[in-house]
A.B. asks: 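Please read through the structure below; I'll follow up with questions.
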Amino acid sequence: MPCSLRNKHVIPTIDDLDKYFGIKGSKILLRIDINSPIDPKTGDILDDSRIRAHSATVRELVERGAAVVVMSHQGRPGDSDFVSLDKHARLLEKHTGLQVRFIDDVIGPAAREAIKSLQPGDILLLDNTRLVSEEIIEATPEKHAESIFVTRLAPLFNYYVNDAFATAHRSQPSIVGFPVKLPSAAGRVMEKELTALSKLYNPEERPRVFVLGGGKVHDTIRILEHLHNNGAVDRILATGLVAELFMVAKGINIGEANLRVLEAKGLLSLLPRARRLLLRGLPLETPVDFRTLVDDHVEVETIGNIKGVIKDIGPQTVKMYTEIMKEARLIVMRGPAGVIEDPRFREGSRELVRAAVESNAYVIVGGGHLNSIIAELGLAGRPNLHVSTGGGALLLFLAGEDLPGLTALAKSAEKFFPQLIG
Ligand code: 3PG
């Protein structure tokens with residue numbers, strides 16, 4: 001059965017692709033999102049949950065008789081996690097239980113020759129899609145369909161499958177360009193996300209509490225603007241750098257050291273947008289205490305008296321946020337509350353995740369960083385918990401925004417799957 005996008009649009013699944021076109025003997029370009037946290041010192045992949053999730057789609061396409069070319073981005077050019085996908089290939093091999101060939105090329109002659117020589121059952125992982133400069137440009141599907149990226153690769157394939165729910169908010173060639181040219185379908189991860197979210201996300205279910213932390217502060221401000229404009233949120237519990245930014249916007253003294261951190265990360269330029277949101281009544285709570293690092297000692301400091309570098313939220317904040325979560329019907333969490341790579345600063349995130357899952361609300365957790373906390377607390381599989389592969393994409397979907405990657409698949413269906421369109 002196709003999956004439906006907010007009951008408006010039809011998105012074909014792998015079953016539809018097989019039924020109407022036939023997968024056996026075909027060549028499939030599969031877009032996944034295995035963008036993972038990377039240890040900046042060793043380059044090791046710190047969490048492989050996305051790779052594990054997408055392995056099922058890769059395996060299924062191969063079992064149905066296709067040759068599969070897999071592509072994904074990793075990080076953003078200029079960042080320390082912008083790395084090659086060679087280590088991802090080994091993990092994809094481990095989780096699929098199948099041989100995966102990696103090529104350090106995306107659209108060049110080496111990649112194209114390798115694609116041409118594939119046989120049914122073969123799996124080839126291309127290198128980081130963001131090595132191609134077009135991939136970081138946001139444009140319409142029609143424009144990207146004429147990009148060098150798409151015009152070089154599309155003729156080598158029969159079909160395109162998009163499994164990258166977590167990148168569906170980006171209008172980039174590997175996401176929106178191929179569905180214009182090829183019969184396209186959602187992969188199993190994408191299908192599962194859409195089915196879970198449309199079933200679990202009842203717009204009538206209020207109050208809705210979003211617990212937002214993590215490092216992608218620019219994205220979070222954009223998401224808050226959408227959430228607020230669409231009236232999609234009742235309470236926001238801010239942690240991490242997002243909280244620090246809003247505290248400065250509220251005129252709260254976060255201490256010199258922390259101001260310098262915000263400045264060094266270029267986040268102070270977001271202050272006017274944060275202030276505008278507050279003036280327009282954004283219901284956002286900020287912490288009342290923090291775990292900080294003072295001369296290499298961990299301290300708990302209360303606002304108004306912060307001397308150290310903020311590393312996690314403090315116990316009073318956990319208590320306050322837990323009380324608010326008790327009233328919620330839906331809790332959405334994204335991003336850790338502190339520097340969880342350091343065991344001394346995992347407590348805030350652990351306590352918030354535990355409080356959410358033990359509340360009466362349905363809990364949707366997005367992004368990779370909280371996965372490790374869920375696993376370590378033994379909470380995976382709890383009936384009121386959906387762990388999404390998406391971060392920004394998940395939040396924008398929940399804000400009621402149309403995601404370009406999903407719209408592109410729905411439009412492609414109108415062109416290539418007339419049988420499915422009523
Ligand atoms: C994510 O982790 O949110 C996705 O992989 C998208 O990454 P991006 O924010 O760099 O586009």
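In listed order, ligands and their atoms are each counted from 1.
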A.B. asks: Under the side chain to side chain donor-acceptor pair (under 3.5 Å) rule, collect the residues that match up with Arg64, sequence neighbours excluded.
C.D. replies: Asp15, Asp18, Glu60
A.B. asks: Around atom CG of Leu271, are there more than 12 heavy atoms of other residues, nucleotides or ligands at under 6.0 Å?
C.D. replies: yes
A.B. asks: Test Phe21 against every option in Phe417, Tyr160, Phe416 by the ring-ring contact (aromatic ring centres under 6.0 Å, His included) rule and name the one that passes.
C.D. replies: Phe417
A.B. asks: Cut-off 3.5 Å, no hydrogens considered: what does the side-chain donor-acceptor table look like for residues 236-252, sequence neighbours left out?
C.D. replies:
from	atom 1	to	atom 2	distance (Å)
Thr239	OG1	Leu212	O	3.4
Lys250	NZ	Leu284	O	3.4
Lys250	NZ	Thr286	OG1	3.1

A.B. asks: Would you find a donor on one side and an acceptor on the other, under 3.5 Å apart, between the side chain of Ser372 and the backbone of Leu370?
C.D. replies: no
A.B. asks: Under 3.5 Å, N/O to N/O: give me all the pairs between ligand 1 and the protein, one per line with atom names and distance.
C.D. replies:
from	atom 1	to	atom 2	distance (Å)
ligand 1	2 (O)	Asn35	ND2	3.3
ligand 1	2 (O)	Arg50	NH1	3.2
ligand 1	2 (O)	Arg50	NH2	3.2
ligand 1	2 (O)	Lys216	NZ	3.4
ligand 1	3 (O)	Lys216	NZ	3.3
ligand 1	5 (O)	Asp33	OD1	3.3
ligand 1	5 (O)	Asp33	OD2	2.6
ligand 1	5 (O)	Asn35	ND2	2.9
ligand 1	5 (O)	Arg50	NH1	3.2
ligand 1	5 (O)	His73	NE2	3.0
ligand 1	7 (O)	His73	NE2	3.3
ligand 1	9 (O)	Arg76	NH2	2.7
ligand 1	9 (O)	Arg170	NH2	2.8
ligand 1	9 (O)	Lys216	NZ	3.1
ligand 1	10 (O)	Arg76	NE	2.8
ligand 1	10 (O)	Arg76	NH2	3.4
ligand 1	10 (O)	Arg130	NH1	2.9
ligand 1	11 (O)	Arg130	NH2	2.8
ligand 1	11 (O)	Arg170	NE	2.6
ligand 1	11 (O)	Arg170	NH2	3.4

A.B. asks: Listed by chain and number, what are the side chain to side chain contact (heavy atoms under 4.5 Å, CB included) partners of Glu93, not counting sequence neighbours?
C.D. replies: Arg90, Gln99, Val100
